[in-house]
Asker: 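Dropping the structure in here first, questions after.
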Amino acid sequence: MKLFGEKGVERLLTGIAFSAISALLLIALFIFSEGLPFIMRYGLRGFLFSSEWQPQAGQFGIFPMIVATLWVTLGAIAIGAPLGVAGAVFLTEFMPRPVMRAVKPTIELLAGIPSVVYGFIGVMVLAPLIRSTFGGPGLSLLAASIILGVMILPTVISISIDAIMAVPQSYREGSLALGATTWQTVRMVTVPAARSGIIASIILAMGRAVGETMAVIMVAGNAVKLPGSALDSVRTLTANIALEMGYATGTHRQALFATGVVLFVVVMALNSIAGLAIRQKAGRR
Amino acid sequence: MTNKIDIRDLDLFYGKFHALKDVSMAVRQNGITALIGPSGCGKSTLLRCLNRMNDLIPGCRVSGSVALDGRNIYAPDAEVASLRKRVGMVFQRPNPFPLSVRDNVVYGLKVAGSHDRRQLAETAERSLRGAWLWDQVKDKLDAPALGLPLDQQQRLCVARLLAVQPEVILMDEPCSALDPIATMKIEELMLELKRDYTIAIVTHNMQQAARVSDFSGYMLLGEMVEFGETNQVFTRPADKRTEDYITGRYG
Ligand SMILES: Nc1ncnc2c1ncn2[C@@H]1O[C@H](COP(=O)(O)OP(=O)(O)O)[C@@H](O)[C@H]1O
Ligand SMILES: [Mg+2]
């Protein structure tokens, strides 16, 4: 028995796809409609570049949070990108393929661990370690960077592996046939050929790092001030929204939505750049 | 004329599959040696044994010996990277790196640790001239190699080999992706190159083997059915199977 005709199924799928997209659009619209009027009223400069965040006093400068987000993200990339890319290269070029095929899904599984768990490990293990080794409060920019650096590893490794696997075997053979070692081949041919995919993996990971909230709240300390060193307590944009949204009202609430707008724009920009990098590579082939 | 490469009792297995069966032959110094035979008979496999490219294939086992200037390249103490500098390879499909023309040509030198800019430039020009490519690319040395026409890509692959001054050049159906005119050019190039190099070529094109080679080996199902001077193999084959193949009665 036929429940739907070909046309019916098509219409149903179109409807589902459309409602998913419109749900996303509505969310975006909602955030912007709540946040933009505030930015207009308060002034973009004052909002982005003032360091005073005192909701009770009606001061909403998110500059410290922007700087904190930037540093935490850069720190995470500085830790996660080299490790991730090196791991991907090692697994694809130096391990037998069956080993790689077994390890890759395992690594991808790590992306599914709830971020609370990462945060928990950060609080229980990492923060005390930092406190006893370097001093400071322990809950810090450094702790957040390290935890995020680990959290982005699956993204970097998985997408980099795909990029490196997509490099034609003939490039490797050409290089080896000229007397290059495996390592020279990796360094001079394989990785450069996979460059755009590797860059895309790092940019996507940046998006993840910018957007991560729970683990960061748990380990970053959340003080609203410009960090003087990696050992200082910091509060990121996401942490700011999550921490204050529960009780914020009126202008304060709008300011948090405006913070959301800033995040939204940053993450969208990062994803588009990653998309461009991937498509550019497809075009070159 | 002496033998540059001596292959003795070579057996090769891909896992359980016996791909080369007790093959013996020689590659004469400054000659062109052709391997012919129907597709799947093991020509590429045999050629790839000569610079140990088969090492890259998981589950591939080789026994017997391949002597280059009298020394077994499969000996336990043999060094693969330096072997491949002496025995270079041009592949069936042109496979320049996704780099500029210049970087392709000097790749082998950089791998060998040479970074002197002037020396690299000189070698690039000499190699490109050697592959008859200089005039076509001298104004676009920084253009991406993958933008060149296929036959120029293939000659670029020859040029990048000449840059490392190998002793032997292996060519695996180097013309199969090329049109007849480009094919003729590569053939003429081979005849020129054999003055300085030793060449072994795989081809499924018997006219090509007859035109360019000095020695020919006819392979069938992993066996070397007949090996000898091209002239003799093509006009007075000793084996009935060879005769069937070259007269077109194969299969
Ligand atoms: N990597 C490989 N793994 C398993 N079998 C292979 C592999 N490469 C080639 N073969 C088999 O070995 C035989 C010879 O292949 P090949 O040397 O490529 O033949 P030719 O070059 O004469 O066409 C074929 O039957 C082919 O299927
Ligand atoms: Mg072949």
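Owing to the predicted nature of the structure, the values given are computational and were not obtained by experimental measurement. Convention: sequence-line order gives letters A, B, ...; per-chain numbering from 1.
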Asker: Between B/R61 and B/F13, is NZ or CZ placed under 6.0 angstrom from the six-membered ring centre and within 45° of the ring axis?
Answerer: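 Yes, a cation-pi geometry holds between B/R61 and B/F13.
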
Asker: Would you compute the distance between atom CG of B/L161 and atom CG of B/L156 and round it to the nearest 0.5 angstrom?
Answerer: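 The CG atom of B/L156 is 11.0 Å from CG of B/L161, to the nearest 0.5 Å.
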
Asker: Quick check on A/S175 against chain B: is it the side chain, the backbone, both or neither that has a heavy atom closer than 4.5 Å?
Answerer: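 Both backbone and side chain.
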
Asker: Quick one about A/T185 and A/T190 (side-chain donor to acceptor, distance below 3.5 Å, no hydrogens or angles considered), yes or no?
Answerer: no

Asker: Verify whether one side chain among B/N51 and B/R84 offers a donor that lies under 3.5 Å from an acceptor in the other.
Answerer: no

Asker: Considering only heavy atoms, which portion of B/R86 lies under 4.5 Å from any heavy atom of chain A: side chain, backbone, both, or neither?
Answerer: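 Nothing of B/R86, per the 4.5 Å heavy-atom cut-off to chain A.
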
Asker: Go through B/R118 and B/E122 one step at a time and tell me if the salt bridge (charged side-chain N to carboxylate O under 4.0 Å, His left out) criterion holds.
Answerer: CA-CA 6 Å; B/R118 233 196 53 218; B/E122 276 169 13; 3.5 Å; yes

Asker: Please classify the contact of B/P166 with chain A as side chain, backbone, both or neither, using a heavy-atom distance under 4.5 Å.
Answerer: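 Interface part for B/P166: neither.
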
Asker: Check each atom of B/V87 against the heavy atoms of chain A and say whether the ones under 4.5 Å are side chain, backbone, both or neither.
Answerer: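 Contact with chain A is through the backbone of B/V87 alone.
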
Asker: Only pairs of heavy atoms separated by less than 4.5 Å count here; which of A/P96, A/A180, A/G174 has the most with chain B?
Answerer: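 Most pairs with chain B among the choices: A/G174.
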
